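Data block below; observations after.
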Amino acid sequence: MTETVAGLPLDAIARTVTEVEPNLKDRFDAAVVLEILGYKDADARALGYSTLFDLADAVKDAARPYAWEEPLRDPPRVRESGLQLYLGGMFYNVGWMIMLVALFMGGQSLWAARDMPVAVSTAIGLGVVLGLVCTGGVQQFAAWKLIYYHLQGNQPLSRFVMRKSLVLGGLLVLAVAGAFAVLAVAVIGLPLAIAGLGAGYLVLIGMYRLAVTPVFAMKKFVAMIAMSLAALVAMFGTYHILVAAGLDRVGAVVASQAVGLAILLAVSLLTMWAIVFAEREEVRRPEDPPFYARRELPKKVNPPRFWVLALEGTPYLLYGTMYFIFLFADRLVSWFGSQAGPYALNYNSAYQIGADLALLVLVPITAIKYPIIYRFSEFLENRSKLSPSDRPEAFCRGVAAFHNGLTVRVAAASLTCVVVAYVLAPNLVGFAGGAADSVAVFRLSLIGVVLFSLFLSNAVFAMAFRRIGAMALLLVVAAVLNYVLAAAFVRTFRADAAVF
């Protein structure tokens, strides 16, 4: 005799349940669906079950033959190979890497050059550092919201966030540039023309960082490489033309860098327009049945208040800002020591070369951890399916094991890269045009590379659980300690001691 519940056989109830949830993981999934359908303990007792959960057990077993996979509009994504993911991990450092290689091989990049007067190098260096600092948080915040709205297909809100971020970031860049020009003349003691030069670099770097936000958010790898190479070709071409015309090296370097940065900014703006502001429609695919309505993307939406979005994104704003403050605090400290005054700065080229080379070692380390982090979403999906909802500790143990494996692999990769770089330090520094002091700075910086790579892996891991606020606070503490300790070492020993 067929079992019935509320006039329906158990088999029919199981089929109804699978129409709501095609794959029941456990009795709790079945119980939730049964409650949604209106079943109560009285219905369970009609079959001789004491509670709804006992009925859920029976329904779960009866539903197994009817389990099915929901059809997808898009075909299943091909799982990327480890090599593809490794190259993808290089993306976020490719611009920095191209510029450093250009500096070491060609004598200049878009924001640095060798064999320049100290005052000019100081102004350019300060402009670049401040340009990165004042836009780091805005870029991090805008990229976070752009990814969110882009995945929803919500172009109006993507444009809204991009427009507001450009306004906020642009005002911030102009305010910092004005304050820098005043302090450079009144406190540091730079000539007005040199201070204006630094402010100009600050504006160009800051505006470029804002404009390139969609490229970073959407991981447009080819666009990033093409933009950087186009700017470098224009810069080196302009430099050789100006030198051939009789202009001195300093003027040729500054003018060619300005041309390269202007082209980089222009191409970034065009790319931003193509990614965010260009109109696009959902294209019907040949395999779509003719009776399927084409998906309509939203055209008009009521945008949220931007200050509310900014308040929600405060951890991202703080993280992006403090990231660059921490990264460059010791370099700024290493510039102190001029006899011109207590607040004067002198560009320390030996320190810069050693520290920049150490940053290059981060590139392969970052790329190695990227495939592991990228697979984390797959791990969470599979683990959540296998972990019973009444035993959350099993899920937590799995996540902890994944994190431990990530830490071990990143530590092993970091130590391997650092050992190789330490042994080859004289050759690498010599290739980059550094001096003996640069070798010492480079080798000591490698210790920081290992520690910083471990922090970055934990930061990305924390971001997966929206715990970026804790990482931002850690960067605040680290940046303060970095500056204070570096200043103490410089005062006690010498400028290069800031690396400690």
Side-chain angles (χ1 to χ4, degrees), residues 95-132 173-174 177-178 180-185 188-209 211-212 225-270 331 335 338 340 344-353 356 430-435 438:
W96 187 268
M97 185 171 60
I98 290 174
M99 296 307 160
L100 288 180
V101 171
L103 173 63
F104 298 145
M105 296 186 65
Q108 70 177 90
S109 70
L110 289 177
W111 43 72
R114 293 189 306 205
D115 304 324
M116 296 285 284
V118 172
V120 175
S121 296
T122 301
I124 294 175
L126 283 172
V128 171
V129 170
L130 292 177
L132 294 172
V173 167
L174 294 177
F180 164 77
V182 173
L183 291 175
V185 174
I188 300 176
L190 295 176
L192 182 60
I194 299 298
L197 176 67
Y201 273 82
L202 192 159
V203 171
L204 285 173
I205 293 292
M207 294 302 183
Y208 156 69
R209 292 273 301 170
V212 83
I225 295 177
M227 289 161 48
S228 301
L229 292 179
L232 287 176
V233 169
M235 180 193 70
F236 282 116
T238 302
Y239 173 78
H240 289 295
I241 291 173
L242 293 177
V243 170
L247 189 64
D248 64 280
R249 169 171 166 74
V250 175
V253 167
V254 172
S256 62
Q257 286 180 335
V259 170
L261 285 171
I263 289 178
L264 188 63
L265 175 59
V267 176
S268 300
L269 289 171
L270 290 174
R331 302 188 191 204
W335 297 2
S338 170
L345 293 172
N346 271 336
Y347 185 81
N348 190 337
S349 60
Y351 193 94
Q352 289 291 124
I353 290 176
D356 284 343
F431 173 77
S438 301

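No experiment lies behind these values; they were computed from the predicted model shown. Numbers for residues simply follow the sequence, beginning at 1.
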(Q) To the closest 0.5 Å, what do you measure between OG1 (Thr238) and CG (Leu242)? (A) 6.5 Å
Q) Can you name the closest pair of heavy atoms from Leu264 and Met227 and give their distance? A) CD1-O, 3.5 Å
**Q.** Residue pair Val259, Met235: steps toward the side chain to side chain contact (heavy atoms under 4.5 Å, CB included) verdict
**A.** CA-CA 6 Å; Val259 170; Met235 180 193 70; over 6 Å; no
Q: Provide the closest heavy-atom pair for Gly206 versus Val173 in the form atom of the first, atom of the second, distance.
A: CA-CG2, 4.0 Å
Using distance only, find each side-chain donor-acceptor pair of residues 243-256 under 3.5 Å and give its atom names and separation, not counting sequence neighbours.
residue	atom	partner	partner atom	Å
Asp248	OD2	Val250	N	3.2
Asp248	OD2	Gly251	N	3.0
Arg249	NH1	Tyr239	OH	3.1
Arg249	NH2	Arg114	O	2.4
Ser256	OG	Gln108	NE2	3.2
Ser256	OG	Ala252	O	2.8
Ser256	OG	Val253	O	2.9

Residues 196-203 side chain polar contacts: donor-acceptor under 3.5 Å, at least two apart:
residue	atom	partner	partner atom	Å
Tyr201	OH	Gln257	OE1	2.4

